[in-house]
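Count residues from 1 along the sequence.
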Amino acid sequence: MKTTKIIFWTTTILIFLFEGVMPALTSQTELAKEGIRHLGYPEYFGNALVVFKILGVLALIIPQVPGRIKEWAYAGFAFDFIFASISHFAVDGIGFQGFFPLIVFAILIISYVTYHRIQRYKNIAL
């Protein structure tokens with residue numbers, strides 16, 4: 001169980017850093033704005049995305065958040081990573097930019113699976 005918790009917190013903190021902290025700190029830079037424009041999205045889309053990413057990582061990282069809310073956060077990030085990958089492949093072709101969201105998606109899946117293992121263990125222990 002200890003290993004599962006370590007894996008859960010490691011992967012969840014990586015998601016927290018990649019999808020919460022980094023976008024919050026860099027979303028208003030010219031490079032970030034150009035990245036959104038390059039993919040064909042309006043600037044306000046990037047701003048909305050950052051707000052929802054911050055809310056999502058808070059839902060994942062705060063233990064008191066109800067499980068149903070965490071499920072929605074995991075689903076939202078899954079859609080985000082899949083569609084980010086599709087957007088990059090459509091605009092830039094096959095390249096690292098398109099695969100990177102899928103790598104982060106794999107980290108999210110590990111976080112999700114270990115979260116459910118921990119929840120299952122808690123329910124058995126009760």
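Residues Met22 and Leu17 form no side-chain contact, since every pair of their non-hydrogen atoms from C-beta on lies 4.5 Å or further apart. A heavy-atom distance below 4.5 Å is not found between the side chains of Phe81 and Leu102. Side-chain contact between Ile6 and Thr114: absent, with no pair of heavy atoms (C-beta onward) separated by less than 4.5 Å. Looking only at side-chain heavy atoms (C-beta outward), Ile7 and Thr4 stay at 4.5 Å or farther from each other. The shortest distance between side-chain heavy atoms of Leu108 and Thr11 does not fall below 4.5 Å. Annotation: side chain of Ile94 is in contact with side chain of Phe89 (closest heavy-atom distance under 4.5 Å). Side-chain contact between Phe100 and Phe18 is present, with heavy atoms from C-beta onward closer than 4.5 Å.
Aromatic ring centres of Phe105 and Phe77: separated by at least 6.0 Å.
Between the side chain of Ser85 and the backbone N or O of Gly98, at least one donor-acceptor pair lies under 3.5 Å. Judged purely by atom type and a 3.5 angstrom limit, Lys53 has no side-chain atom pairing as donor or acceptor with the backbone of Glu19. The closest donor-acceptor contact from the side chain of Thr29 to the backbone of Thr26 lies under 3.5 Å. Side-chain atoms of Lys70 come within 3.5 Å of backbone atoms of Ala59 as a donor-acceptor pair (strictly under, hydrogens ignored).
Salt-bridge annotation for Glu34 and Arg37: present, with a side-chain N of the basic residue lying under 4.0 Å from a carboxylate O of the acidic one.
The aromatic rings of Phe8 and Tyr115 are tilted relative to each other, their planes meeting at an angle between 30° and 60°.
Within 6.0 Å of the NZ atom in Lys33, the count of heavy atoms belonging to other residues, nucleotides or ligands exceeds 12. Within a 6.0 Å sphere centred on CZ of Phe52, heavy atoms belonging to other residues, nucleotides or ligands number 12 at most.
The hydrophobic clustering, which links ILVMFWY residues whose side-chain heavy atoms are closer than 4.5 Å, places Ile109 and Phe99 apart. In terms of hydrophobic clustering, with Ile, Leu, Val, Met, Phe, Trp and Tyr side chains grouped at heavy-atom distances under 4.5 Å, Val57 and Leu55 are assigned to different clusters. Hydrophobic clustering (ILVMFWY, side-chain heavy atoms < 4.5 Å, transitive): Val51 and Val21 are in distinct clusters. Note on Trp72 and Leu49: separate hydrophobic clusters, where clusters join Ile, Leu, Val, Met, Phe, Trp and Tyr whose side-chain heavy atoms are under 4.5 Å apart, directly or indirectly. Note: the hydrophobic cluster containing Ile110 does not contain Ile15 (ILVMFWY, side chain heavy atoms under 4.5 Å, direct or indirect links).
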| request: List the steps, then state whether side chain to side chain contact (heavy atoms under 4.5 Å, CB included) holds for Ile36 with Glu43. | output: CA-CA 7 Å; Ile36 292 291; Glu43 190 173 323; 5.6 Å; no
| query | Ile13 and Ile61: side chain to side chain contact (heavy atoms under 4.5 Å, CB included), yes or no, with the steps? | reply | CA-CA 7 Å; Ile13 288 170; Ile61 208 94; 4.1 Å; yes
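To the nearest 0.5 Å, atom CD1 of residue Ile69 and atom CD1 of residue Ile62 are 12.0 Å apart. Put simply, OH on Tyr74 and CZ on Phe79 are 16.0 Å apart, with the number rounded to the nearest 0.5 Å. For the atom pair Leu39 CG and Asp92 CG, the distance stands at 6.5 Å (nearest 0.5 Å).
Considering every non-hydrogen atom in both Ile54 and Gly20, the closest pair reads CG1-O, 4.0 Å. Minimum interatomic distance between Ile118 and Met1 (heavy atoms only, all atoms of both residues): CA-CE, 3.5 Å.
Side-chain contact, Glu71 with His116: a donor N or O sits under 3.5 Å from an acceptor N or O. Side-chain N/O atoms of Ser87 and Tyr41 include a donor and acceptor closer than 3.5 Å. A donor atom on one side chain and an acceptor atom on the other are found under 3.5 Å apart for Ser111 and Thr12.
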